[in-house]
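The figures here come from the full heavy-atom set of this structure, side chains too, leaving out hydrogens, waters and symmetry mates. Naming convention: chains lettered A, B, ... in sequence-line order (proteins, then strands); numbering from 1 in each chain.
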Amino acid sequence: EDQVTQSPEALRLQEGESSSLNCSYTVSGLRGLFWYRQDPGKGPEFLFTLYSAGEEKEKERLKATLTKKESFLHITAPKPEDSATYLCAVPLYEEGAQKLVFGQGTRLTINP
Amino acid sequence: KAGVTQTPRYLIKTRGQQVTLSCSPISGHRSVSWYQQTPGQGLQFLFEYFSETQRNKGNFPGRFSGRQFSNSRSEMNVSTLELGDSALYLCASSLSRYEQYFGPGTRLTVT
């Protein structure tokens with residue numbers, strides 16, 4: 001069964017304390033992996049798309065990387081405004097239609 | 001470019017009633033997907049529409065249905081509401097096989 005698992009479920013850091021979030025997947029024929037950020041009560045905000053192992057994408061304090069079995073979202077010197085739930089998702093294609101399979105998310109809290 | 005819009009933002013309904021939610025995709029996007037988000041189950045795929053046709057459907061009962069109009073706007077309907085249908089319903093649009101962009105969601109509460 002296609003699965004996406006994120007760890008840890010929750011992470012609390014001090015401002016400036018760097019760390020990484022993990023997203024592992026068991027999907028045959030991976031055709032990309034997406035990272036989203038979600039603030040409470042809002043829809044997920046698109047961050048990155050990664051298509052192949054070894055690929056890296058960066059945006060401000062965030063860097064996403066992809067291997068054959070997992071992806072990491074590295075956050076460098078985070079600020080309180082980086083507090084959010086970070087979701088990863090894998091697209092599955094069935095008869096031309098796409099659906100996203102999401103992990104459960106990592107709830108990140110950055111304390112000032 | 002305007003993002004995905006969803007109306008209404010909040011709804012309170014009673015068990016047994018039905019509800020219709022609306023979604024307007026990003027201009028030019030022809031694919032619209034719907035997801036249900038709950039604390040226990042996370043984000044789960046409901047269905048996807050492309051050019052007014054449902055292309056894919058998740059594992060939800062037939063009480064959940066949807067449609068897409070010629071201007072790509074989409075609606076989803078839930079009939080005979082149950083307490084467990086309380087959730088954040090999210091709509092996402094995309095250029096078919098690319099990343100999906102989400103709207104702010106409709107928070108449905110069933111009492």
Side-chain angles (χ1 to χ4, degrees), chain A residues 1-10 21 23-25 27 29-52 55 57 59 64 66 71 73 84-107, chain B residues 1 3-7 9-10 21 23-26 29-60 66 68 87-109:
Chain A
E1 184 185 346
D2 298 312
Q3 270 196 313
V4 180
T5 305
Q6 291 187 247
S7 61
E9 287 186 18
L21 315 182
C23 171
S24 62
Y25 54 88
V27 173
L30 184 74
R31 299 190 199 182
L33 184 143
F34 304 135
W35 280 98
Y36 289 86
R37 168 194 169 126
Q38 187 174 26
D39 293 299
K42 298 186 177 181
E45 173 191 347
F46 172 76
L47 291 173
F48 304 110
T49 303
L50 301 166
Y51 285 110
S52 56
E55 189 175 359
K57 293 273 180 75
K59 180 180 179 179
L66 182 66
S71 177
L73 185 65
T85 295
Y86 290 86
L87 298 158
C88 68
V90 169
L92 297 182
Y93 296 95
E94 298 174 1
E95 297 179 358
Q98 179 197 80
K99 73 173 187 179
L100 294 182
V101 176
F102 281 86
Q104 290 291 89
T106 293
R107 190 171 64 255
Chain B
K1 205 177 216 183
V4 178
T5 58
Q6 293 186 245
T7 56
R9 293 294 314 279
Y10 304 93
L21 312 181
C23 170
S24 293
I26 293 171
H29 287 193
R30 295 167 64 191
S31 171
V32 174
S33 299
W34 288 89
Y35 295 83
Q36 180 195 65
Q37 187 174 32
T38 59
Q41 299 297 317
L43 268 153
Q44 292 191 295
F45 173 77
L46 279 159
F47 27 68
E48 188 223 7
Y49 285 87
F50 183 84
S51 293
E52 302 178 66
T53 301
Q54 185 183 91
R55 296 200 298 187
N56 203 354
K57 191 177 192 314
N59 295 325
F60 280 82
Q68 187 180 34
L88 181 67
Y89 289 89
L90 292 159
C91 164
S93 75
S94 70
L95 288 171
S96 195
R97 290 175 171 246
Y98 296 94
E99 54 266 12
Q100 298 185 8
Y101 294 88
F102 285 81
T106 294
R107 170 72 63 187
L108 173 65
T109 302

Under a 4.5 Å cut-off applied to non-hydrogen side-chain atoms, are B:Ser33 and A:Leu100 in contact?
-> no

When the 4.5 angstrom heavy-atom criterion is applied to A:Gln38 and chain B, the contacting part is side chain

When the 4.5 angstrom heavy-atom criterion is applied to B:Leu88 and chain A, the contacting part is side chain

Note: A:Gly43 and B:Leu90 closest approach over all heavy atoms is CA-CD2, 3.6 Å

So, the part of A:Pro44 with a heavy atom under 4.5 Å from chain B: the answer is both

Residues A:Tyr36 and B:Glu99: closest non-hydrogen pair is OH-C, 4.4 Å

Rounding to 0.5 Å, atoms OH (B:Tyr35) and CZ (A:Phe102) come to a distance of 5.5 Å

Applying a strict 4.5 Å limit to non-hydrogen atoms, the region of A:Lys42 in contact with chain B is backbone

d(A:Phe34 CZ, B:Ser94 OG) to nearest 0.5 Å is 8.0 Å

| Hey, does B:Phe45 have a side-chain heavy atom less than 4.5 Å from the side chain of A:Leu92? | no

Whatever's closer than 4.5 Å to a heavy atom in chain A on B:Gln41 counts as backbone

